Protein chains: 2
Amino acid sequence: MNPKQMERYLKTIGDQSRLQLLKALEQKPLCICDLNTLLDVSQPAISQHMHRLKSDEIVLNERRGRWVYWSLNHSHPYYFLLLELLKVLPVPTIECSEEENPCK
Amino acid sequence: MNPKQMERYLKTIGDQSRLQLLKALEQKPLCICDLNTLLDVSQPAISQHMHRLKSDEIVLNERRGRWVYWSLNHSHPYYFLLLELLKVLPVPTIECSEEENPCK
DNA sequence: ATATCATATAAGTTCAGGCTTATATGTTCA
DNA sequence: TGAACATATAAGCCTGAACTTATATGATAT
């Protein structure tokens with residue numbers, strides 16, 4: 001790995017919004033509308049963050065009907081290093097039950 | 001640690017110039033003029049990078065006469081995580097002997 | 001088929017930060 | 001003391017990226 005590639009990886013995870021999204025996904029796979037209850041930004045912003053993470057293969061996604069579910073890529077070379085970083089972050093509050101999140 | 005603080009740390013190390021500077025310091029303490037032979041940027045740029053790293057306590061510095069020597073801070077909470085990242089980077093070529101570097 | 005809902009893409013704005021050059025500060029030594 | 005050298009600070013430029021709103025795409029279900 002060269003410095004430029006490592007910079008790219010660190011810039012991808014080095015964003016407070018994406019760190020919170022990753023922390024939420026550490027618990028379980030979630031769709032965009034679940035993740036949208038976590039941060040105070042627009043739906044396109046969430047989508048853009050997730051695609052940035054995907055372009056670096058840090059997360060995986062899978063469509064299930066109308067929803068696209070996102071999860072951590074356990075096979076990423078820095079998956080364990082990422083877990084080490086996420087360890088010290090607070091678990092965010094996500095609303096993903098039918099009663100709480102109107103998207104279900 | 002909150003997401004904003006972690007973002008700050010990752011942004012500090014997530015720069016290809018600073019990664020190369022850190023990799024060089026992993027080998028041994030060096031002064032600005034040594035580090036200046038490593039990257040193709042100006043002396044003020046090196047100085048600014050080092051002060052950014054110092055403000056996050058990732059490196060330490062110590063004046064010895066005209067020179068200021070910089071070293072990794074082994075007591076930083078993420079020192080070992082940093083070593084893990086630096087492990088995969090190539091060791092840069094630094095000129096710091098009297099013959100090679102005119103600053104000595 | 002078409003309305004509805006979830007997600008993605010496009011385009012534009014704003015702001016942080018990494019560089020530059022110019023200059024100031026600090027140290028040594030004749 | 002002042003010249004020479006190492007480093008730091010100041011100010012300005014330019015690019016990338018993190019948002020926004022508007023709109024397009026894709027899937028389900030009536």
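As a basis for the values below, the full set of heavy atoms in this structure was taken, side chains included, without hydrogen atoms, waters or symmetry mates. Everything numeric here is computed off the predicted structure, so don't read it as measured data. Proteins come first, then strands; the chains are lettered A, B, ... in the order of their sequence lines, and each starts at number 1.
- When the C1' atom of D/dG16 is taken as reference, atom CG of B/D15 falls 13 Å away, rounded to whole Å.
- Nearest-nucleotide positions on DNA chain D for A/R8 and A/A45 put A/R8 closer to the 5' end.
- Per the geometry, CD belonging to B/Q43 stands 7 Å off P belonging to D/dT7, to the nearest Å.
- The aromatic rings of A/Y79 and A/H74 lie parallel to each other, their planes meeting at an angle below 30°, with 60° marking the opposite boundary.
- Comparing atom distances between the B/R66 side chain and each of C/dC19, D/dC19, C/dT27 picks out C/dT27 as nearest.
- Residue-level contact check: B/R64 touches neither bases nor backbone, having no heavy atom under 4.0 Å from any strand.
- Distances shown here put a side-chain N or O of A/H51 below 4.0 Å from the OP1 or OP2 atom of C/dA8.
- Nearest to the side-chain atoms of B/W70 among the listed nucleotides C/dT7, D/dA8, D/dA17 stands D/dA8.
- Once rounded to the nearest 0.5 Å, the distance linking OG of B/S17 with NZ of A/K4 reads 8.5 Å.
- Whole-Å rounding puts the A/L53 CG to D/dA17 P distance at 14 Å.
- For the pair B/R63 CZ and C/dT28 C1', the interatomic distance rounds to 11 Å; values are reported in whole Å.
- Atom P of nucleotide D/dT20 and atom CG of A/L39 are separated by 10 Å, given to the nearest angstrom.
- Within the 4.0 Å cut-off from OP1 or OP2 of D/dA17, not a single side-chain nitrogen or oxygen of A/H49 is found.
- The backbone N or O of B/V68 sits nowhere less than 3.5 Å from a side-chain atom of B/N61 that would complete a donor-acceptor pair.
- Evaluation of atom-type donor-acceptor distances gives a pair under 3.5 Å for the side chain of A/Q48 against the base of D/dT20.
- Checking C/dT9, C/dT20, D/dT7 against every side-chain atom of B/S42, the shortest atom distance belongs to C/dT20.
- Checked by atom type and distance alone, the side chain of B/R63 pairs as donor or acceptor with a backbone atom of B/G65 at under 3.5 Å.
- Considering only side-chain atoms of B/V68, the nucleotide from D/dT7, C/dA10, C/dT7 that sits closest is D/dT7.
- Positionally, the nearest nucleotide of DNA chain D for B/P44 lies more toward the 5' end than for the other of A/G14 and B/P44.
- At whole-Å resolution of the value, CD1 in A/I13 and P in D/dA17 are 15 Å apart.
- At least one donor-acceptor pair under 3.5 Å links the side chain of A/Q20 to the backbone N or O of A/Q16.
- For C/dG17, the OP1/OP2 oxygens have no side-chain nitrogen or oxygen of B/T12 closer than 4.0 Å.
- Comparing C/dA8, C/dT7, D/dA8 against the side chain of A/S47 picks out C/dA8 as the nearest.
- If you measure from atom OH of B/Y9 to atom P of C/dG17, you get 17 Å, rounded to the nearest angstrom.
- Atom CZ in A/R18 sits roughly 8 Å away from atom P in D/dC19 (whole-Å rounding).
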